[in-house]
Visitor: 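Handing you this structure, nothing more for now.
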Amino acid sequence: MEKKKFYITTPIYYPSGKWHIGTCYTTIICDALARYKRMQGYDVFYLTGTDEHGQKIQKVAASHGVEVKKYIDGVVDELKKLWDLLDISYDKFIRTTDEYHEKAVQKIFQKLYDKGDIYKSAYEGWYCTPCEAFWTKTQLVDGKCPDCGREVELTKEESYFFKLSKYQDKIQKLIEDDKEFLQPITRQNEMLNNFIKPGLQDLCVSRTSFDWGVKVPFDPKHVVYVWIDALTNYITALGYGGEDEELFKKYWPADVHMMGKEIIRFHSIIWPAILMALDLPLPKKVYGHGWLMFNNDKMSKSKGNIVDPFILCERYGVDALRYYMLKEVPFGQDGNFTNEIFLKLRNSDLANDLGNLVSRVTAMVSQYFDGVIPAPTDCNDIDKDLIALAEKMYPTVTAYMDEMRAPEALETIFKVIQRANKYIDECTPWILAKSDEGRERLKTVLFNLCETIRMTSVILQPFLTQTPAKIFEKLGIKEGMGLTDFDSIVKFGAKIDGLKVDKGEQLFQRIDIAKELKVMDEILEEERRRAKAQAKKENEKVENAVTLQQIGIEDFAKVELKVGTVLECKKVEKADKLLCSQIDVGEEKPRTIVSGIAKYYTPEDMVGRQVIVVTNLKPAKLRGIESQGMVLCAEDENGDLALITPCKSVKSGSIVG
Ligand code: ME8
């Protein structure tokens with residue numbers, strides 16, 4: 001039988017390079033869903049990628065003084081490393097600078113133009129560059145972008161327009177009639193009342209004031225509006241508009257477009273209208289999740305929290321981060337992140353509930369049955385209660401995952417884990433082990449516990465990508481035994497007796513929270529220092545880039561360079577790097593010049609040497625000494641420094657040039 005397909009997408013990411021754990025939220029939730037569906041037997045296609053065109057990215061690259069594509073390549077590599085670190089199981093990564101995508105966007109634009117849904121006019125209005133969004137004056141809030149609150153620019157350009165207004169009724173009907181299309185349900189009124197009912201206006205879909213984008217095929221001084229370029233990725237990635245449309249035929253329409261709530265407008269209004277214009281089926285669901293907040297701030301500039309996913313994963317494990325993200329952001333609402341809640345959740349759920357259960361049970365199997373899981377011998381009411389809960393877990397979690405309620409799904413699983421811990425206390429294995437009769441009963445108890453651990457580990461696989469495999473190893477479960485798939489958790493009581501357990505290491509070490517919070521503060525301090533140094537370096541780069549601009553001879557002639565002879569030299573007190581020299585530059589009196597060369601030259605090295613001096617530099621005070629010029633040096637990229645001297649002795653004051 002042909003497998004049912006499931007096509008799920010994240011938005012394509014701006015290559016901002018500023019990744020924090022909030023930006024990982026969409027990919028992690030999609031990953032859990034994709035893995036869940038794969039385990040259910042669906043043929044899953046999970047798409048993610050990068051949104052690389054537009055004015056914003058062009059400006060960022062220019063500020064780094066780098067060619068745009070080259071700059072983005074580096075950032076995209078970093079993003080892919082991040083997804084690998086987080087075990088994101090995407091099937092395809094699309095870049096909007098991929099040639100096949102650009103060509104397909106041109107085809108789509110042409111098609112809409114030929115159909116009369118795109119027409120040429122002039123645009124006058126407000127543009128928010130950070131959001132790459134157009135606004136009318138009435139939509140602005142206090143004259144600023146209603147989405148991000150930042151400054152907008154008045155823009156006037158000859159532009160192409162998409163007839164969004166033509167689709168007004170159809171879009172309204174879609175949102176009102178198909179209750180499944182836009183989720184969670186609260187978003188429906190938001191879109192209807194704020195955007196659709198007040199009237200959809202035609203959308204400006206081309207720009208001429210910059211050129212980093214897909215060129216309009218029939219008018220190449222225009223580039224396609226970046227949101228049109230970006231939204232179409234969901235079909236071009238499957239080959240739509242290209243030579244091979246097999247994947248498109250197979251997977252379109254998407255089952256779920258997942259995104260943060262700030263971009264629902266684009267996905268639930270503009271995107272369906274484009275698809276309607278292209279006569280293509282609409283996605284089944286557009287889901288706008290809430291944000292991960294840091295002290296009520298969506299952005300990463302949070303005070304006092306580690307938000308760098310690389311650091312968090314390295315120190316506390318990928319699963320701790322995935323668990324937090326999936327558990328702490330409630331269905332469609334915002335979640336909060338603090339170092340403290342993160343550590344507490346890791347301790348309580350992963351180290352105490354799950355980790356302890358596994359280590360207690362494997363230790364008891366080792367101690368009482370030489371490490372071999374015993375077969376059950378009876379089944380009493382306490383057993384039945386545990387078994388019923390474990391068997392209810394899979395259908396309950398599936399129902400929650402169908403509604404994208406990962407927190408409730410995890411809560412269901414952890415209730416079973418907590419129930420198993422309670423079961424140990426109720427059954428008191430350490431007392432049972434003392435009598436022959438008790439040892440018979442103990443066989444059932446330990447079998448039930450191992451089976452509960454196995455079943456919860458099976459269903460945890462889409463959420464935690466590393467821990468379940470470790471648990472299977474501890475239980476002696478190997479691939480190919482049929483004990484790790486969803487079919488094996490429908491009924492309690494798989495054939496695990498006889499397997500040899502291995503207690504091994506703790507899954508999650510308990511963390512001393514007070515101590516660790518201090519360590520986290522130190523890490524943050526170190527990060528701040530590093531960021532400051534990096535920013536300084538970048539600024540210098542930009543400054544250098546400015547000075548490195550070509551200059552005419554008239555500019556060069558403004559600099560007066562002379563040969564000077566060092567008459568005296570001494571160290572500047574309390575300044576490790578500075579030397580103060582008296583240098584004869586052919587004037588009445590020698591000049592006092594302070595130079596940062598003490599690490600490379602001693603005062604004795606300097607005296608008698610000839611150097612090159614910039615003699616018309618404005619005097620500057622260094623450590624209270626007025627320096628009347630600058631001695632020229634060469635410095636390599638390792639910071640090694642050498643004085644520039646004439647290669648034979650010349651008269652002091654000779655002009656250099
Ligand atoms: O919007 N909490 O890209 P993007 C939760 N290129 N999710 C967050 C978050 C937070 N604190 N911060 C960011 C774009 N995100 C466009 C999409 S699609 C055709 C074009 C989420 O890099 C955000 O909501 O700004 C979005 O889902 C994703 O990160 C990428 O955002």
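Every number for a ligand or one of its atoms is a count from 1 in the order of the listing. These numbers were taken from a predicted model, which means no experiment stands behind them.
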Visitor: Given V329, I12, I263, which one has a non-hydrogen atom that is nearest to atom 1 (O) of ligand 1?
Guide: I263
Visitor: For the residue pair Y316 and F342, is the inter-centroid distance of their aromatic rings smaller than 6.0 Å?
Guide: yes
Visitor: Is there a heavy atom of W227 sitting under 4.0 angstrom from any atom of ligand 1?
Guide: yes
Visitor: Which is closest to atom 25 (O) of ligand 1 by heavy-atom distance: Y14, Y234, Y25, W291?
Guide: Y14
Visitor: Is the closest heavy-atom distance from H20 to ligand 1 below 4.0 Å?
Guide: yes
Visitor: Regarding N339 and E516, do their side chains bring together a donor and an acceptor under 3.5 Å, going by distance alone?
Guide: no
Visitor: Can you tell me which portion of M258 lies within the under-4.0 Å heavy-atom range of ligand 1? Options are side chain, backbone, both, or neither.
Guide: neither
Visitor: Salt bridge check, R95 against D73: does any charged N sit closer than 4.0 Å to a carboxylate O?
Guide: yes
Visitor: If we only consider heavy atoms of F266, is any one of them less than 4.0 Å away from an atom in ligand 1?
Guide: no
Visitor: Does atom NZ (K115) have a neighbourhood of more than 12 heavy atoms from anything else shown, all under 6.0 Å?
Guide: yes
Visitor: Heavy-atom distances under 4.0 Å decide this one: backbone, side chain, both or neither, for L292 against ligand 1?
Guide: both
Visitor: Please confirm whether H289 approaches ligand 1 to less than 4.0 Å, judged on its heavy atoms.
Guide: yes
Visitor: Would you say L231 has any N or O atom under 3.5 Å from an N or O of ligand 1, going by distance alone?
Guide: no
Visitor: For atom 24 (O) of ligand 1, which of the options E262, M259, K56 provides the nearest non-hydrogen atom?
Guide: E262
